[in-house]
Amino acid sequence: MQISTKDVATLIILTSIVFLIAPLFLIIYISWYNRRKKKHAEEKVWLRKTFDSELLKTQMEVQEQTLQTVAYDLHDNIGQILSLTAITLTSIDVDDRPMLSRKIEDAGELIKRSITELRQLSRLLHGEELVKKGLVSAVEFELEWLNKSERYQLSFVNDGFVSVAGQRDNETIIFRLFQEIINNAIRHANATVIHVAIVQIEKSLTLTITDNGKGFDVAEALKQQGGMGLHNIQKRTAMLNGSAQFDSAPGMGTMVQIIIPYPMYVK
């Protein structure tokens with residue numbers, strides 16, 4: 001069987017086209033792959049910068065919240081104790097021997113209370129140190145401080161959660177979420193009963209906070225830019241690859257549930 005000159009020419013042309021197109025496709029693919037790789041690297045850098053920026057903002061908010069708590073306590077608690085101490089001391093009559101020792105003793109007790117309160121305040125001022133000890137310790141201390149006012153019925157349950165090394169930055173953000181939700185319950189909802197639960201099932205952390213406050217329309221609140229900080233809660237939860245759920249209605253209290261993969265690593 002003979003191959004015509006025309007067939008040979010066609011075969012040569014097709015072969016030449018294949019050899020020309022194959023390198024071209026290879027070049028295009030390599031170029032596309034490098035662009036994707038560069039874009040992915042840029043996205044990672046952007047995510048890291050965004051996380052660092054949000055973390056810094058969160059740390060500043062934790063410090064601001066701490067300073068507000070300190071200010072309130074200095075005014076409402078320690079200020080009153082010191083005022084009572086001053087009143088007790090100025091009311092001492094050196095000629096009234098039976099009452100003299102009693103009032104000095106009372107003043108001494110008030111001073112001891114002031115010292116105890118100031119020591120606790122110094123612990124509170126090191127909010128970052130609290131988070132270093134773990135999320136549970138930080139939450140417990142915050143609730144313990146809130147409980148001092150005796151205006152709220154508080155409960156806390158930790159079911160299986162143990163802090164993992166290398167997660168302090170993430171736990172700082174979770175702790176700030178906890179603070180923000182608690183503040184909403186007290187300041188906006190006027191709640192008097194607050195339940196907090198941290199549950200870990202396998203590699204998932206769930207923070208649930210429920211209150212008996214006045215509640216709100218979730219859909220309406222999410223439409224608003226301020227929205228009681230709901231958008232901020234959603235944003236920060238999403239940064240940790242988690243989700244935030246709000247269950248509330250006017251007059252029915254509120255439940256906020258934060259579900260986050262744990263441990264989680266932002267690279």
Side-chain angles (χ1 to χ4, degrees), residues 57-81 117 120-121 123-128 130-131 135-158 171-199 205-237 242 244-260:
K57 182 181 176 183
T58 301
Q59 289 171 335
M60 291 175 68
E61 286 176 355
V62 170
Q63 290 174 1
E64 183 181 352
Q65 177 66 37
T66 299
L67 289 174
Q68 286 181 3
T69 304
V70 169
Y72 290 144
D73 204 75
L74 282 171
H75 180 269
D76 297 338
N77 191 19
I78 296 176
Q80 288 184 3
I81 295 173
E117 294 291 334
Q120 288 181 330
L121 270 182
R123 284 179 62 200
L124 187 64
L125 281 169
H126 292 82
E128 205 169 320
L130 288 175
V131 180
L135 178 63
V136 170
S137 294
V139 169
E140 285 178 336
F141 187 83
E142 192 86 358
L143 291 175
E144 177 187 329
W145 196 267
L146 190 60
N147 195 46
K148 287 173 56 181
S149 67
E150 298 182 349
R151 287 182 290 180
Y152 310 103
Q153 182 181 327
L154 306 169
S155 67
F156 174 54
V157 174
N158 172 28
E171 290 192 5
T172 298
I173 293 177
I174 298 171
F175 179 63
R176 179 55 191 156
L177 287 169
F178 157 79
Q179 282 186 322
E180 196 160 355
I181 296 166
I182 291 291
N183 281 340
N184 283 344
I186 293 171
R187 296 183 182 179
H188 297 294
N190 299 322
T192 55
V193 179
I194 302 172
H195 302 294
V196 181
I198 296 179
V199 179
L205 178 156
T206 301
L207 168 65
T208 305
I209 300 175
T210 57
D211 67 62
N212 69 336
K214 61 185 181 182
F216 61 95
D217 186 318
V218 176
E220 193 63 34
L222 287 171
K223 287 179 185 177
Q224 301 172 13
Q225 285 299 318
M228 295 167 55
L230 301 189
H231 292 290
N232 195 43
I233 291 171
Q234 287 181 323
K235 175 187 172 185
R236 285 181 172 166
T237 305
Q245 300 172 7
F246 308 100
D247 184 6
S248 184
M252 299 298 291
T254 301
M255 181 184 78
V256 182
Q257 193 167 70
I258 307 292
I259 303 173
I260 296 171

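Predicted model, so just to flag it, every value in this text is computed and none were measured.
Remark: the backbone N or O of G253 is paired with a side-chain donor or acceptor of S248 at under 3.5 angstrom.
For M255, the side-chain contact (heavy atoms from CB on, under 4.5 Å) criterion is met by T208, T210, D247, not counting sequence neighbours. Not counting sequence neighbours, the partners of K235 by the side chain to side chain donor-acceptor pair (under 3.5 Å) test are E54. For the side chain to side chain donor-acceptor pair (under 3.5 Å) test, no residue two or more places apart in sequence or in another chain qualifies with T237.
Taking every heavy atom of both residues into account, K214 and H188 meet most closely at CE-O, 2.7 Å. Minimum heavy-atom separation, V139 to F156: CG1-CE1, 3.9 Å. Shown here for T206 and Q257, the closest heavy-atom pair between the two residues is CG2-CG, 3.6 Å.
Between I194 and I186, the closest side-chain pair of non-hydrogen atoms falls below 4.5 Å. No side-chain heavy atom of I182 sits under 4.5 Å from any side-chain heavy atom of E142.
Here OG1 of T254 is found 10.5 Å from CD1 of I181. Values are rounded to the nearest 0.5 Å. The CD1 atom of I174 sits 13.0 Å away from the CD atom of Q179 when rounded to the nearest 0.5 Å. The distance from the CG atom of D211 to the CG atom of N184 is 9.0 Å, given to the nearest 0.5 Å. Taking CD of Q153 as the start and CG of N212 as the end, the distance is 8.0 Å to the nearest 0.5 Å. The distance from the CG atom of N183 to the CZ atom of R176 is 6.5 Å, given to the nearest 0.5 Å. In this structure, CG on L146 lies 8.0 Å from CZ on R151, to the nearest 0.5 angstrom.
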For this session: Apply side chain to side chain contact (heavy atoms under 4.5 Å, CB included) to L143 and F178, showing your working.
Result: CA-CA 11 Å; L143 291 175; F178 157 79; 3.9 Å; yes
For this session: Please step through side chain to side chain contact (heavy atoms under 4.5 Å, CB included) for the pair I258 and I233, ending with a clear verdict.
Result: CA-CA 9 Å; I258 307 292; I233 291 171; 3.8 Å; yes
For this session: Take E140 and N158, measure what side chain to side chain contact (heavy atoms under 4.5 Å, CB included) needs, and give me the verdict at the end.
Result: CA-CA 10 Å; E140 285 178 336; N158 172 28; 5.9 Å; no
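The environment of CD in Q245 is crowded: more than 12 heavy-atom neighbours from other residues, nucleotides or ligands sit within 6.0 Å.
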